[in-house]
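Report on the structure given below.
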Amino acid sequence: MDKYTVLLVDDEEEVIQVIMKKLDWEQLGFSIVGYACNGVKAFEMVEDYQPDVVMTDIKMPYMNGMQLSHRIKTQYPDTKILIFTGFDEFEYAKEAVHLEVEEYILKPVNSLELSKVFTQLKSKLDLEISEKRNVEILQKYYLESLPLLQANFYSMLMEGRIREEELPKFLADYQLSFQGPFFCCLVVHTSVSQVPEGMNPVLLTISVRKQAEEHLGTKWQAKAFPYLENIVLIAQLGSESEIIDLTDDCDRFCKYARHIIGAVVTVGIGQVCGSVAGLSGSYASARTAVSYRVLYGASRAINMKENVPQEVSKPGQTDDARLSYLFKMIRLGSEEDIAEAVSGYLHQAAFQDRTLKQYHVDIMEMISALYRFAINQEIRTEVFPENMKVLYARLLDMDKAALEKWLTDTSLSFHEELLDARNRSTKSFVSKAKEYVHNNYADEMLSLDGVCQVLGVSNSYFSTIFKKKTGNSFIGYLTDYRMDQASRLLIETNDKSYMIARQVGYTDPNYFSYVFKRRFGVSPSRYRTEHTEGEKQQ
């Protein structure tokens with residue numbers, strides 16, 4: 001890492017400007033990512049930028065420096081904090097020690113002293129990064145990986161080759177314990193095409209596994225092991241609803257891995273099951289979820305239930321590998337990929353050098369497989385008439401070029417229908433979220449967590465889709481809507497500002513005024529005066 005990022009927080013902008021100009025930040029190995037004049041704005045910026053260092057004053061409006069430090073340490077424990085204040089009081093210093101603050105610096109401070117603090121801090125950050133990337137530590141960890149018997153057990157478990165009645169003996173023999181009562185497979189995929197310079201891809205994968213165990217293993221009692229070129233974690237849940245929290249934790253881990261060790265990591269989250277023997281199904285769905293990174297992007301968690309259209313597997317479905325590949329391209333590929341897959345399917349041996357009777361059977365099997373796919377994916381299509389014999393006769397009468405065009409057009413129509421279905425699904429819950437805001441904006445407790453709980457989705461997935469569909473974050477949308485309602489009440493009623501603040505969900509009238517001015521550029525009272533006087537003149 002070339003430079004570490006710093007966020008400056010002080011309610012006096014002049015102080016911030018002095019600090020920014022006082023040091024040669026680039027020479028020290030740091031860059032200023034931004035600054036904030038209060039604790040609330042600072043925490044929003046921490047969530048957006050995840051700086052390496054936060055340097056904050058104590059005395060600030062809305063949220064003081066100690067409160068800000070506590071929230072940062074709770075949710076972003078790797079962030080380093082410097083307290084820069086004029087308060088030389090024992091209680092503040094004692095609390096700073098408790099929060100593991102790096103330095104408690106008293107104002108005023110000269111540039112030499114401040115340079116020394118950041119020089120020491122950079123050495124500490126370098127050491128922490130170095131330890132994570134240290135090849136000898138990674139090689140040692142590799143030698144201490146799970147024994148062969150445990151690895152074999154996990155492989156058999158993922159493949160569904162262990163019966164329920166056999167589990168107690170396996171668990172006792174291999175000294176493994178699963179408390180549950182619910183379980184979920186996580187497939188952690190590390191890109192081998194995007195590797196930090198000088199890092200061995202194998203060692204990078206081992207590093208990701210170690211970090212995954214540290215960040216997810218304790219909270220979720222997760223068992224980690226390598227399987228089919230990925231890392232698999234078996235997470236244990238107290239209830240099925242905890243899958244939302246697990247998804248958010250996995251999403252944060254993906255961002256952490258990218259920031260700290262430079263790994264591009266995607267976590268596929270499978271369906272929740274109520275028994276260890278059922279983990280093969282959870283693994284299969286998690287692996288499918290990971291494959292959807294081509295649609296939804298890498299460096300994030302993909303929840304099978306939230307993101308991936310559910311498939312219904314039925315007996316008798318075609319075993320033809322090329323036809324299965326075509327279906328995969330319909331779900332995941334581009335139009336060019338679909339056309340290629342159609343060509344590859346029709347030009348395989350099954351359609352070459354066949355007798356007339358064998359060709360008829362091939363066409364019949366193709367129609368059946370397409371029909372099952374459409375039904376399983378809930379595709380609304382007019383491709384299949386009520387009398388399937390009509391379609392069958394029509395296809396038999398086509399030459400190879402016409403058949404290829406028909407199958408390409410049909411596959412592309414399926415692809416468009418799946419894209420429309422995904423869009424309808426995301427639009428539906430974005431609309432529900434907006435409606436919920438419109439009906440509950442006066443509730444001071446209204447939050448992102450609350451809306452996600454109502455909708456039954458994880459924070460990470462909801463935030464990504466909401467921002468993509470609206471161009472605004474949920475909190476930004478909620479704030480704008482509240483301010484719009486406040487501006488209307490200021491003009492239409494004679495209520496005091498503090499009364500209007502409560503009506504739109506703010507218990508602190510000072511903070512309401514701060515947010516209102518940030519939106520409209522003037523205070524609530526000035527806004528009322530300007531608009532009511534304007535109406536009188538008209």
Side-chain angles (χ1 to χ4, degrees), residues 268 270-271 281 284-296 302-351 354 358-429:
Q271 62 195 26
S285 59
R287 177 132 187 172
T288 300
V290 163
S291 69
Y292 275 71
R293 66 187 181 277
V294 298
L295 282 180
Y296 304 117
I302 302 176
N303 187 316
M304 179 69 179
K305 184 177 179 180
E306 290 179 348
N307 294 85
V308 182
Q310 302 299 301
E311 296 182 8
V312 181
S313 179
K314 295 187 177 182
Q317 202 165 10
T318 179
D319 291 327
D320 189 283
R322 289 186 181 269
L323 190 55
S324 297
Y325 180 73
L326 170 59
F327 292 154
K328 181 178 180 181
M329 290 301 100
I330 291 173
R331 293 194 303 269
L332 303 175
S334 64
E335 292 183 2
E336 291 77 14
D337 294 331
I338 293 170
E340 258 184 49
V342 168
S343 178
Y345 170 65
L346 292 179
H347 289 83
Q348 64 177 307
F351 285 88
R354 309 286 279 172
Q358 289 170 327
Y359 183 78
H360 287 186
V361 171
D362 291 336
I363 293 295
M364 187 181 298
E365 290 180 348
M366 181 187 73
I367 294 172
S368 298
L370 287 169
Y371 182 77
R372 282 194 297 270
F373 178 80
I375 294 299
N376 291 345
Q377 300 293 326
E378 299 181 357
I379 294 174
R380 298 171 297 179
T381 177
E382 298 177 358
V383 170
F384 304 105
E386 289 187 16
N387 186 350
M388 296 288 279
K389 289 182 180 179
V390 175
L391 176 62
Y392 178 63
R394 180 182 159 207
L395 296 183
L396 286 178
D397 195 44
M398 291 180 179
D399 60 26
K400 290 183 178 180
L403 179 62
E404 182 167 345
K405 183 179 185 307
W406 177 87
L407 184 54
T408 300
D409 291 343
T410 299
S411 299
L412 290 173
S413 71
F414 286 0
H415 176 69
E416 289 297 323
E417 179 63 20
L418 287 175
L419 290 177
D420 289 343
R422 292 188 192 107
N423 287 333
R424 287 194 300 272
S425 175
T426 55
K427 286 179 181 177
S428 173
F429 85 70

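Numbering starts at 1 and runs along the sequence shown.
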Can you tell me how far the [atom1] atom of [X] sits from the [atom2] atom of [Y], to the nearest 0.5 Å?
X: His415; Y: Thr410; atom1: NE2; atom2: OG1; answer: 14.5 Å
X: Glu365; Y: Leu370; atom1: CD; atom2: CG; answer: 12.0 Å
X: Thr408; Y: Leu346; atom1: OG1; atom2: CG; answer: 7.5 Å
X: Gln271; Y: Asn303; atom1: CD; atom2: CG; answer: 10.5 Å

Are the side chains of [X] and [Y] in touch, meaning some heavy atoms are under 4.5 Å apart?
X: Phe373; Y: Ile330; answer: yes
X: Met366; Y: Leu326; answer: no
X: Leu391; Y: Trp406; answer: yes
X: Lys328; Y: Ser324; answer: no

Legend entry - Set of side chain to side chain contact (heavy atoms under 4.5 Å, CB included) partners for Glu335, sequence neighbours left out: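 Partners of Glu335 by the side chain to side chain contact (heavy atoms under 4.5 Å, CB included) criterion, ordered by chain and then number, come out as Leu412, Glu416.
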Could you pull out the closest heavy-atom pair between [X] and [Y], with the gap in Å?
X: Gly270; Y: Ser285; result: CA-OG, 3.3 Å
X: Phe414; Y: Ala374; result: CZ-CB, 4.1 Å
X: Ala289; Y: Gly268; result: CB-CA, 4.0 Å

Inset, instruction - With sequence neighbours left out, write down each residue that passes side-chain hydrogen bond (donor to acceptor under 3.5 Å, both in side chains) with Ser334, or none if nothing qualifies. - result: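 With neighbours one apart ignored, the set is Glu336, Asp337.
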Inset, instruction - Would you check if the side chain of Ser343 reaches a backbone N or O of Ala339 as a donor-acceptor pair within less than 3.5 Å? - result: no
Legend entry - Test item: Ser411 side-chain N/O and Ile338 main-chain N/O as donor-acceptor pair under 3.5 Å: no
